[in-house]
Amino acid sequence: MADFSYTEDRELHDLNRQVNDDPEEFEHWEKLVRASEQQEGGLNRNSSPQAIAATRDVYDRFLTRFPLFFGYWKKYADMEFGIAGTEAAEMIYERGVASISISVDLWTNYCNFKTETSHDIDIIRELFERGAESVGLDFLAHPFWDKYIEFEERLDADDKIFGILERIIRIPLHQYARYFERYRTLAEKRPVEELAPPEIIGRLRQEAEVQSGPKPRNPAEGERELRSRIYAFHNDTFQNTQNETTQRWTYEQEIKRPYYHVTDLDDAQLDNWRRYLDVEEDGRDYSRAKFLYERCLVTAANYEEFWLRYVRWMLSQPGNKAEEARNILQRASYVFVSIARPSIRLLWAKFEESQDQANIAGDILEAVLMVLPGHLETILALANLHRRKTGLDAGIATLKRFTDSHEIPPYVRGALVAEWARMVADVSGRRDEARKIYNNYQHQYLDCRPFWLKWFFFEVNQPAIGTEQQKQHYARVKAVYEAVRKMSALPSGTIKDLTAYYLTYLQERGPAGAMKELVDLDKEVNGPLSVQKSSKQQIMHDGNDSVVNNEMLIEKGLAGAGMHEAASYA
């Protein structure tokens with residue numbers, strides 16, 4: 001945390017306090033960075049050590065939280081260059097390209113900085129090559145490629161320039177045509193051996209010799225013919241690159257914000273990325289698809305949808321991509337996706353368990369629950385992880401740990417009790433014990449939809465062979481249904497939908513006389529409003545004081561909950 005105790009600048013103190021109070025607010029950071037840089041009339045190598053240290057700390061904290069702001073990495077590097085020189089600036093650039101490795105602007109700035117501050121050609125060329133590997137496939141990579149070619153032009157290294165162009169003409173770029181024109185111009189002056197791979201030259205030479213027949217030609221004529229064929233070969237390359245560029249231009253022109261920002265993207269932008277990724281994946285070029293994912297996850301870094309898609313795509317690629325997938329999951333979880341949206345961490349836990357790292361999976365889930373102690377899906381994932389790893393008792397113990405906690409909302413505790421009963425019935429086959437759990441807890445969770453739905457479908461799904469078992473089965477299903485109608489505090493929409501399931505049960509598995517009950521229920525639930533009101537009044541008269549009004553249900557977030565969600569509890 002930046003220490004501004006050395007200064008009485010009230011603005012700095014206020015901005016620093018705002019950042020500490022709300023570290024997710026980008027505008028506070030932006031103002032603090034600007035104010036820090038302007039200390040003492042603008043920081044330089046003669047500024048006080050306290051001001052320099054505090055500003056470095058502000059930059060470090062800011063770029064740890066927002067590592068994709070490439071412009072601030074350059075500003076930081078420029079500041080360090082002015083304060084501490086070349087080596088300090090290089091360290092910042094290295095941190096920057098490690099944080100946002102596909103930034104064309106940052107790599108271009110870094111390489112330009114290197115050409116201006118170093119005289120070691122090999123080191124500069126090595127840096128350009130690193131940049132080419134990182135950003136060379138970007139549709140808008142022409143500023144970087146231009147800077148690389150400019151560097152080689154200063155050295156009059158035509159062979160290097162030709163080699164760079166030979167790589168570029170195969171990449172779909174915004175300005176592909178001008179690179180091809182320059183390549184073709186240079187090709188006229190280069191030896192034939194440099195114009196294509198040896199196997200291509202051999203094949204084209206053989207085709208020329210076959211076409212010319214037995215009549216000998218002089219070497220100059222033979223070379224002209226060979227160059228003509230090589231030109232045709234390159235023209236095919238140009239046409240292919242042109243086609244690929246045109247295909248991508250449809251999506252590139254719709255990208256309105258190719259950089260990261262904290263503000264949300266609109267639906268059109270998100271949909272464009274989805275469609276663009278579909279197209280690139282269909283091309284089955286691993287490098288290009290991977291690069292497009294990385295570009296997408298600069299623009300849409302805060303959207304877990306794309307992180308989830310990326311890791312699933314990566315795991316579907318040939319070979320062992322476990323480390324690549326782990327890196328994606330870690331980047332998303334550590335920096336970009338808020339823990340308030342835990343889906344990416346839940347997938348990470350499943351992934352680690354699939355890699356025989358159950359302890360790490362447990363740690364991930366426990367970390368989520370430290371921030372979201374009542375998150376139902378995470379608790380269920382942790383309980384089932386312990387069940388798979390250690391056994392049924394361990395899974396049940398985990399569920400009890402949370403059902404006994406008063407920090408957990410009653411609604412979630414009811415769902416956990418239902419999972420406890422399900423685990424007992426499905427894993428150990430102790431159905432009577434599961435039924436006892438439901439009976440013991442029913443009065444505590446009158447408004448817990450998962451509790452009642454799981455209990456209802458638990459009874460419905462029990463086997464019943466023979467007349468006697470079928471009677472018992474019907475009695476148990478009916479008892480749960482009647483409890484839902486007359487005792488539970490579930491929303492009326494949920495009760496109505498559950499009634500539809502019960503009517504289907506009566507028709508398909510009900511005993512003799514079931515149709516009378518079915519017709520009576522259908523009348524009460526699906527009849528005209530006057531009939532429904534009469535039925536409700538009768539239920540109230542029978543003693544259903546636990547029914548809650550619709551306003552209370554809305555406050556609890558339960559009103560109108562549909563039965564389409566209930567299928568997951570069956």
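Listed by first then second residue, pairs satisfying salt bridge (charged side-chain N to carboxylate O under 4.0 Å, His left out) with a partner in residues 330-339 read Glu294-Arg331, not counting sequence neighbours. Under the salt bridge (charged side-chain N to carboxylate O under 4.0 Å, His left out) criterion, the residue pairs touching residues 18-32 are Glu24-Arg65, with sequence neighbours excluded. Legend: salt bridge (charged side-chain N to carboxylate O under 4.0 Å, His left out) pairs involving residues 362-373, not counting sequence neighbours, sorted by first then second residue: Glu366-Arg401.
Residues Pro172 and Thr245 share a closest heavy-atom pair of CA-OG1, 3.3 Å. Nearest heavy-atom pair, Ser405 versus Arg413, reported as atom, atom and distance to 0.1 Å: O-CD, 3.5 Å. The two residues Pro450 and Ala415 come nearest to each other via the heavy atoms CB-CB, 3.8 Å.
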Check step by step if side chain to side chain contact (heavy atoms under 4.5 Å, CB included) holds for Thr299 and Tyr260. CA-CA 5 Å; Thr299 299; Tyr260 172 79; over 6 Å; no
Side chain to side chain contact (heavy atoms under 4.5 Å, CB included) assessment of Val484 paired with Leu490: CA-CA 7 Å; Val484 167; Leu490 294 177; 3.9 Å; yes
Test side chain to side chain donor-acceptor pair (under 3.5 Å) on Arg435 and Asn440; report intermediate values, then the result. CA-CA 9 Å; Arg435 191 170 286 117; Asn440 288 344; over 6 Å; no
Where do Tyr76 and Asp60 land on the side chain to side chain contact (heavy atoms under 4.5 Å, CB included) test, with the steps shown first? CA-CA 9 Å; Tyr76 194 4; Asp60 288 341; 2.9 Å; yes
Check the pair Arg61, Asp57 against salt bridge (charged side-chain N to carboxylate O under 4.0 Å, His left out), reporting the backbone distance first and the verdict last. CA-CA 6 Å; Arg61 289 161 54 211; Asp57 184 78; 3.5 Å; yes
Side chain to side chain contact (heavy atoms under 4.5 Å, CB included), that's the test. Do Trp420 and Val424 meet it? Break it down for me. CA-CA 6 Å; Trp420 171 16; Val424 168; 3.8 Å; yes
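Note: Trp307 and Phe336 meet the aromatic proximity criterion, with ring centroids under 6.0 Å apart. Note: Tyr441 and Phe451 fail the aromatic proximity criterion, with ring centroids not under 6.0 Å apart.
For the pair Lys486 and Tyr481, the cation-pi criterion (under 6.0 Å, within 45° of the ring axis) is not fulfilled.
At a threshold of 4.0 Å, the pair Arg309-Glu304 does not count as salt-bridged, since none of the basic side-chain nitrogens sits closer than that to a carboxylate oxygen. Electrostatic pairing of Glu419 and Arg422 counts as a salt bridge here, judged by a charged N lying under 4.0 Å from a carboxylate O. Between Arg326 and Glu323 there is a salt bridge, with a side-chain nitrogen of the basic residue lying less than 4.0 Å from a carboxylate oxygen of the acidic one. By the 4.0 Å N-to-carboxylate-O rule, Arg248 lies close enough to Glu280 to be salt-bridged with it. Using a 4.0 Å cut-off between a side-chain N of Lys or Arg and a carboxylate O of Asp or Glu, Lys290 and Glu324 do not qualify as a salt bridge. Ion pairing of Asp278 with Arg275 is absent here, as no side-chain N (NZ or NE/NH1/NH2) approaches a carboxylate O to less than 4.0 Å. Salt bridge present: Lys516 and Asp520 bring a charged side-chain N and a carboxylate O closer than 4.0 Å.
Residues Leu347 and Val311 form a side-chain contact, since some pair of their non-hydrogen atoms from C-beta on lies under 4.5 Å apart. Using a 4.5 Å heavy-atom threshold, the side chains of Pro23 and His28 count as separate. Side-chain atoms of Gln357 and Phe351, non-hydrogen and from C-beta on, never get closer than 4.5 Å to each other. Under the 4.5 Å side-chain criterion, counting only non-hydrogen atoms from C-beta, Asn16 is not in contact with His13. Between Pro318 and Tyr286 there is no side-chain heavy-atom pair separated by less than 4.5 Å. Using a 4.5 Å heavy-atom cutoff, the side chains of Val417 and Tyr445 are in contact. Residues Phe26 and Phe69 are in side-chain contact: their nearest non-hydrogen atoms beyond the backbone lie under 4.5 Å apart. Residues Trp455 and Asn439 meet the side-chain proximity criterion, which asks for heavy atoms closer than 4.5 Å.
A donor-acceptor contact closer than 3.5 angstrom links the side chains of Glu281 and Tyr293. A donor-acceptor pair shorter than 3.5 Å can be found between the side chains of Asn359 and Lys389. Judged by distance alone, the side chains of Arg387 and Asn384 do bring a donor and an acceptor atom under 3.5 Å apart. Side-chain atoms of Trp348 and Glu352 include a donor-acceptor pair closer than 3.5 Å. For Asn302 and Arg341, the side-chain atoms include no donor-acceptor pair closer than 3.5 Å. Remark: the Glu252 side chain and the Tyr276 side chain contain an N/O donor-acceptor pair separated by less than 3.5 Å. Side-chain polar atoms of Thr499 and Arg485 form no donor-acceptor pair below 3.5 angstrom.
For NZ of Lys471, the number of neighbouring non-hydrogen atoms (other residues, nucleotides, ligands) closer than 6.0 Å is 12 at most. Environment of CD in Glu407: sparse, with no more than 12 heavy atoms of neighbouring residues, nucleotides or ligands closer than 6.0 Å. The environment of NZ in Lys478 is crowded: more than 12 heavy-atom neighbours from other residues, nucleotides or ligands sit within 6.0 Å. Other residues, nucleotides and ligands place more than 12 heavy atoms under 6.0 Å from the CD atom of Gln469.
Trp273 CH2 to Arg295 CZ: the interatomic distance, rounded to the nearest 0.5 Å, is 4.5 Å. To the nearest 0.5 angstrom, Leu416 atom CG is 11.5 Å from Tyr411 atom OH. Tyr334 contributes atom OH, which lies 11.5 Å from atom CD1 of Ile339 (distance to the nearest 0.5 angstrom). Here CG of Asp267 is found 10.0 Å from CG of Leu265. Values are rounded to the nearest 0.5 Å.
Listed by chain and residue number, Leu137, Trp145, Leu173 satisfy the side-chain contact (heavy atoms from CB on, under 4.5 Å) test with Ile171 (two or more places apart in sequence, or in another chain). Ile100 is linked by a side-chain contact (heavy atoms from CB on, under 4.5 Å) to Leu68, Phe70, Trp73, Ser103, Leu106, Val298, counting only residues two or more places apart in sequence or in another chain.
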Solution key, residues 506-514 side-chain donor-acceptor pairs under 3.5 Å, sequence neighbours excluded:
residue, atom, partner, partner atom, Å
Arg509, NH1, Val460, O, 2.7
Arg509, NH2, Gln462, O, 3.2
Arg509, NH2, His473, NE2, 3.4

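Formation of a donor-acceptor pair under 3.5 Å by the Arg345 side chain with backbone atoms of Leu329 is not found in this model. Checked by atom type and distance alone, the side chain of Glu482 never pairs as donor or acceptor with a backbone atom of Val477 at under 3.5 Å.
Note: Phe62 and Tyr72 have perpendicular aromatic rings, judged against thresholds of 30 and 60 degrees for the angle between ring planes.
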